[in-house]
Amino acid sequence: MRIIVVKGDITDQRADAIVNAANSSLLGGGGVDGAIHRKGGSEILEACRRLRASAYGRGLDAGQAVATTAGRLPAKWVIHTVGPVHSRSEDRSKTLASCYRESLRVADELGASTVAFPAVSAGIYGWPMDDAARIAVETVRATPTKVEEVRFVLFTDEAYEHFQAQM
Ligand code: AR6
């Protein structure tokens, strides 16, 4: 598997799947989540509402992942994952690693060969970027998958530099 790091907006990425840093409600929010729903259109929110009305009545737990259509985005699917909120008193690294592993598992189920990830938990959820980058890259490297290209799409220079430092 090839891992690449680019600076940009994840909603512009041509990839089989793009990953959303969602929250447990699956019903939208700020950051990447807001951008995906805004650009992808109402089809994504409708698909999320259907998930809440069926298998995910109580929402999606942190560390889990589930796919929907990508609506009008230049991708086939959005894989929604819920990162942990960063805590100084509790080590939630395993939950963050699980977001990457579970997203790749869902990508394999879909047959996606290119997957774009944002820096899950490293925005509103407060995870320090250097540690978020280390967990992201180490976990993706260690996960067996049929995905051929994982692309980390970073929004800021700081995020890009921390991910680049892991390559
Ligand atoms: N493309 C790529 N990266 C982006 C984009 C974009 N369009 N927009 C922001 N980022 P965040 P979280 C970066 O806050 O920390 C939402 O309200 C951003 O700079 O999107 O997991 C959800 O509904 C940061 O580096 O996700 C949840 O409630 C990274 O993406 C909560 O935020 C992740 O920031 C999830 O918080």
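Order of appearance sets the numbers: ligands from 1, and atoms from 1 within every ligand.
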Tell me whether the rings of Trp127 and His86 are parallel (<30°), tilted (30 to 60°) or perpendicular (>60°).
perpendicular

With a 4.5 Å heavy-atom cut-off, do Asp61 and Val82 have their side chains touching?
no

Can you give me the closest heavy-atom contact between Thr114 and Asp16, atom names plus distance?
OG1-N, 2.8 Å

the protein heavy atom lying closest to atom 21 (O) of ligand 1 turns out to be Ser121 N, 2.8 Å

Does an N or O anywhere in Pro118 fall below 3.5 Å from an N or O of ligand 1?
no

Is there a side-chain contact between Asp157 and Glu161 in this structure, where contact means two heavy atoms from C-beta onward sitting under 4.5 Å apart?
yes

Could you tell me whether ligand 1 has any atom less than 4.0 Å away from a heavy atom of Ala122?
yes

To the nearest 0.5 angstrom, please state how far the CE atom of Met167 sits from the CD1 atom of Ile3.
5.0 Å

Nearest to atom 19 (O) of ligand 1, what protein heavy atom do you find, and at what distance?
Phe155 CB, 4.0 Å

Would you check the N or O atoms of Ala21, main chain and side chain alike, for any that come under 3.5 Å of an N or O of ligand 1?
no

Looking only at heavy atoms, what is the nearest atom pair of Gly63 and Ser98, with distance?
O-OG, 2.6 Å

Tell me the protein heavy atom at minimum distance from atom 33 (C) of ligand 1, and give that distance in Å.
Ala119 O, 3.1 Å

Any side-chain heavy atom of Leu104 within less than 4.5 Å of one from Val150?
yes

Under 3.5 Å: N/O of Ala22 near N/O of ligand 1
no

Does the N or O separation between Gly123 and ligand 1 drop below 3.5 Å for any pair?
yes

So which protein heavy atom does atom 25 (O) of ligand 1 come closest to, and at what separation?
Met129 CE, 3.4 Å

Could you pull out, from Asp9, Ile18, Val19, Asp12, the option with a heavy atom nearest to atom 7 (N) of ligand 1?
Asp9

What part of Ala159, side chain from CB on, backbone N/CA/C/O, both or neither, has a heavy atom under 4.0 Å from ligand 1?
neither

With the threshold set strictly below 4.0 angstrom, can you tell me whether any protein non-hydrogen atom sits that near atom 16 (C) of ligand 1?
yes

Can you find an N/O atom of Asn23 closer than 3.5 Å to an N/O atom of ligand 1?
yes

What is the closest protein heavy atom to atom 2 (C) of ligand 1, and at what distance does it sit?
Ile10 N, 3.6 Å

With atom 22 (C) of ligand 1 as the reference point, say which of Asp33, Ile124, Val120 has the nearest heavy atom.
Asp33

Find out whether Glu102 and Thr81 are in side-chain contact, i.e. whether some heavy atom of one side chain is under 4.5 Å from a heavy atom of the other.
no

Atom of Lys39, atom of Asp9 and distance for their closest heavy-atom approach
NZ-OD2, 4.2 Å

From atom 10 (N) of ligand 1, work out which of Leu96, Ile36, Val32 has a heavy atom at the shortest distance.
Val32

